[in-house]
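Only one structure is covered here, and it is reproduced in the block below.
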Amino acid sequence: MSNLQLTSSFYRFLAGRALFSLVESVLLVAVGWHLYQQTGDPFDLALVGLFQITPVLALFLVTGWVVDHVSRKKILVYGAAMQSCILLAIAFVMNAASFDKWQLLLLLSAAGAVKAFMSPTIQAALVNIVESKRLNKAIAISSTVWNLATTLGPFIAGILVAWIAYDTYWLLVVGSLLTLISFISLPAIPASNKVARSWAVMLGGFTFLRRNPIVFGCLLLDLLMVLLGSVVALLPIYAADILKVGAEGLGLLRAMPAVGAVVIGVYLARYKSDFAHTGYTLFIALVVFAMSILMFSFATTLWLAAVSLFIYGASDMFSVVIRGAVVQHHTPDELRGRVSAVNSIFIASSNQLGDFRAGSVAAAGGAVNAAIWGGISALLVAVWGAYYFKDLRKLKSSQTANH
């Protein structure tokens, strides 16, 4: 494959990933708004999250096996086609004369099932499209674009809901069809593993992680840092009660982690594809992440809180790119789907439970104490990880194991 063809394939994949994430984030905001308008019941908003995450948790053993044993291009194409059909059905439900929330929730559950297959496939397919020597740069670009898509999604959703209301869902169908076109245009990707299905094979991702402390360390540290340190759920409290900056200030606070992540993502993609001391660089980024949480916890002005959150997002992007490169380079392709499925569970759990942890501690002891304990916990995790995962700490390059 020529360099030009490789670049073209990667950017088609990138467009598909960005569109898939953008459509999903717009959908969640629009559905949350319209569902609450229809029912006026806050518990229905909790049901939206529950119905979406349940299929991801229930199917991850199956999805990991499928990603390793079926052409990843086929999964992306069929998944995008299913997403289009589900969004078309949602558009009809939302524009119907009589609204049925259970129809909507079941369709969202179906969308969650599609995501259960798409998320690990998107993680695993990148290595099939990009040459190994360019993988680190591709991960940085892909992570940056994903951050942009998920950041712009809520903003775009707000504009669309205000301008075209329920017609937003028809526009999402168009977006999903563009996703489908992007994935159809990818080169063929053969199945990575021909081994028959068995419990041992389906659990191969866990077996590999148990025997590979470098990859397992990357995934576990990601889970624990976000689970114990995330402050996103605390931002409305800080904006309203501590900084007293209102909705406008909240918008700035919500945007700053993404701004930091995008700035660092662009820098890494353009100037830095690998590090001379990858392991040490990773743990430095984790320590900076923890310190940014502590810095935020004591903020009494908007500018200090914004700077803290910028560093929070920037250091997180540093670790995301490094960990992503290490996992991709150290995971055999025939196991990449199952390992990515485990990673998807870790990501979903850390994000959902991290918000629950922050909100619960804030309810019991106040938002400032919740942020302080989050920073201290993240710092302890970084120090413990550096001690426990010695092979990861001593890793010289993301592309090769230590010798």
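Throughout, numbering of the chain's residues begins at 1 and tracks the sequence.
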Query raised in the report: Does S142 reach the main-chain N or O of A138 with its side chain, forming a donor-acceptor pair under 3.5 Å?
Result: no

Requested in this report: Measure the shortest side-chain to side-chain distance between L219 and L223 over non-hydrogen atoms and say whether it is less than 4.5 angstrom.
Outcome: no

Report summary line: Contacts of T121 meeting side chain to side chain contact (heavy atoms under 4.5 Å, CB included) (sequence neighbours excluded), chain-then-number -> V67, R72, I75, L76

Query raised in the report: Distance-only, no hydrogens or angles: does the S230 side chain make a donor-acceptor pair with backbone N or O of L227 under 3.5 Å?
Result: no

Requested in this report: Considering non-hydrogen atoms only, spot the tightest contact between L59 and A113 and give its length.
Outcome: CD1-CB, 4.0 Å

Query raised in the report: Mind checking whether C218 and L392 have side chains closer than 4.5 Å, heavy atoms only?
Result: yes

Query - Close side-chain approach of N136 to H329, heavy-atom, < 4.5 Å - result: yes

Query raised in the report: With a 4.5 Å heavy-atom cut-off, do L268 and F318 have their side chains touching?
Result: yes

Query - N95 side chain vs A91 backbone, donor-acceptor pair below 3.5 Å - result: yes

Query - Parallel, tilted or perpendicular, as decided by the 30° and 60° cut-offs, for the rings of W170 and F92 - result: perpendicular

Requested in this report: Say whether, by atom type as modelled, one donor and one acceptor occur between the side chain of K244 and the main chain of A239 under 3.5 angstrom.
Outcome: no

Query raised in the report: Does Y238 reach the main-chain N or O of L302 with its side chain, forming a donor-acceptor pair under 3.5 Å?
Result: no

Query raised in the report: Below 4.5 Å, heavy atoms only, C-beta onward: do F296 and L235 meet side chain to side chain?
Result: yes

Requested in this report: Determine, using ring centers only, whether F183 and F20 are less than 6.0 Å apart.
Outcome: no

**Report entry** Of V339, N343, T331, the residue whose pairing with Q123 passes side-chain contact (heavy atoms from CB on, under 4.5 Å)
**Finding:** N343

Query raised in the report: Under 3.5 Å, is there a donor-acceptor pair between the side chain of S315 and the main chain of Y312?
Result: yes

Requested in this report: Using a 4.5 Å cut-off on heavy atoms from C-beta on, say whether the side chain of K73 contacts that of N128.
Outcome: no

Query raised in the report: Do L294 and I376 have side-chain heavy atoms sitting under 4.5 Å apart?
Result: yes

Requested in this report: Quick one: sort the F51 and W102 rings into parallel, tilted or perpendicular, breaks at 30° and 60°.
Outcome: tilted

Query raised in the report: Between S8 and R12, is a side chain to side chain donor-acceptor pair (under 3.5 Å) present by the stated rule, with each step listed?
Result: CA-CA 6 Å; S8 176; R12 290 197 296 270; 2.4 Å; yes

Query raised in the report: Angle class for the Y166/H34 ring planes (parallel below 30°, perpendicular above 60°, tilted otherwise)?
Result: parallel

Report task. Could you give me the CA-CA distance, side-chain angles and deciding distance for R323 and S319, then say whether side chain to side chain donor-acceptor pair (under 3.5 Å) is met? Result -> CA-CA 6 Å; R323 285 185 280 104; S319 66; 3.3 Å; yes

Query - Any donor-acceptor pair under 3.5 Å from S176 side chain to V173 backbone - result: yes

Query - Other residues, nucleotides, ligands: >12 heavy atoms within 6.0 Å of F99 CZ - result: yes

Query raised in the report: Are any side-chain N or O atoms of S84 and backbone N or O atoms of A80, one a donor and one an acceptor, separated by less than 3.5 Å?
Result: yes

Requested in this report: Could you tell me whether the side chain of Y169 reaches within less than 4.5 Å of the side chain of L27, counting heavy atoms only?
Outcome: yes

**Report entry** Ring-face cation contact, F117 with K115, 6.0 Å cut, 45° max
**Finding:** no

**Report entry** S109 side-chain N/O to L105 backbone N/O, donor-acceptor pair under 3.5 Å
**Finding:** no

